[in-house]
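The analysis underlying the following values was restricted to heavy atoms, covering all of them including side chains, and did not include hydrogens, waters or symmetry mates. Model, not experiment: these values are computed from the prediction.
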Amino acid sequence: MKAASCNRAMQIASACSGGATGDVGLTDAVEQRCEGDFLTRLKAQQKKAYQRAKDACDRKYSGEEGTMYISFAAFCRAKVAQRYSQRALKAASPTRAR
């Protein structure tokens with residue numbers, strides 16, 4: 001949560017991951033850090049699309065057994081949040097003159 005950026009939070013989570021259920025706490029922190037960059041600015045439909053994208057991660061691994069699949073789903077959700085953060089930051093930055 002205290003990482004300087006969403007991308008840095010993802011780097012830390014990736015470096016500290018164990019490939020098991022314990023990764024959920026790490027990735028939850030990444031999601032929260034990344035959501036700070038965009039969530040309040042999303043319109044209702046965009047929030048629904050964001051939630052659908054995260055839900056797709058859970059569905060992707062729902063039929064699998066083992067704690068590593070819980071980790072995979074958690075990192076998938078965090079990556080969705082990271083992509084949304086990157087798009088929001090890119091949209092908010094002033095365009096460079098060519």
Side-chain angles (χ1 to χ4, degrees):
M1 285 300 302
K2 294 181 181 180
S5 68
C6 171
N7 288 336
R8 183 66 183 138
M10 182 60 92
Q11 289 174 337
I12 293 167
S14 295
C16 296
S17 73
T21 307
D23 294 346
V24 173
L26 293 171
T27 58
D28 284 350
V30 172
E31 283 184 59
Q32 289 176 0
R33 174 60 186 89
C34 294
E35 286 174 351
D37 294 337
F38 66 88
L39 195 59
T40 59
R41 291 180 285 200
L42 293 182
K43 296 177 182 169
Q45 289 291 46
Q46 292 169 314
K47 284 183 182 179
K48 287 180 184 178
Y50 172 60
Q51 188 59 53
R52 279 193 307 269
K54 292 196 314 177
D55 290 345
C57 292
D58 294 329
R59 283 191 308 277
K60 182 175 182 178
Y61 298 104
S62 66
E64 304 295 337
E65 290 186 29
T67 59
M68 74 178 180
Y69 292 105
I70 294 170
S71 174
F72 293 169
F75 268 97
C76 179
R77 288 189 306 272
K79 288 175 187 175
V80 169
Q82 183 183 33
R83 281 193 306 273
Y84 269 74
S85 169
Q86 290 168 340
R87 286 184 209 150
L89 295 175
K90 184 176 180 180
S93 68
T95 57
R96 297 172 127 173
R98 292 183 183 197

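At distances below 3.5 Å, not a single donor-acceptor pair connects side-chain atoms of Ser14 with backbone N or O atoms of Gln11. No donor-acceptor pair under 3.5 Å is formed between the side chain of Glu64 and the backbone N or O of Tyr61.
For the residue pair Ile12 and Ala3, the shortest heavy atom distance occurs at CD1-CB, 4.3 Å. Heavy-atom minimum distance, Arg8 versus Ser5: N-OG, 3.0 Å. Contact record, Cys34 with Ser85: O-CB, 3.8 Å, taken as the closest heavy-atom pair.
Residues meeting the salt bridge (charged side-chain N to carboxylate O under 4.0 Å, His left out) test with Asp55, sequence neighbours left out: none. Annotation: side-chain hydrogen bond (donor to acceptor under 3.5 Å, both in side chains) contacts of Gln86 (sequence neighbours excluded): Asn7. Every residue two or more places apart in sequence or in another chain that forms a salt bridge (charged side-chain N to carboxylate O under 4.0 Å, His left out) with Lys54 is listed here: Glu31, Glu35. For Arg87, there are no side-chain hydrogen bond (donor to acceptor under 3.5 Å, both in side chains) partners two or more places apart in sequence or in a different chain.
Hydrophobic clustering, defined by side-chain heavy atoms of Ile, Leu, Val, Met, Phe, Trp and Tyr closer than 4.5 Å, groups Val80 together with Phe38, Leu39, Leu42, Tyr50, Tyr84.
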Run the numbers on Met10 and Arg33 for side chain to side chain contact (heavy atoms under 4.5 Å, CB included), then give the verdict. CA-CA 9 Å; Met10 182 60 92; Arg33 174 60 186 89; over 6 Å; no
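No path of Ile, Leu, Val, Met, Phe, Trp and Tyr side chains, each step under 4.5 Å between heavy atoms, connects Val30 with Leu26, placing them in separate hydrophobic clusters.
The distance from atom CZ of Arg52 to atom CD of Gln45, rounded to the nearest 0.5 Å, is 7.0 Å.
Among residue pairs with one or both ends in residues 17-27, those qualifying as side-chain hydrogen bond (donor to acceptor under 3.5 Å, both in side chains) are Asp23-Ser71; sequence neighbours excluded.
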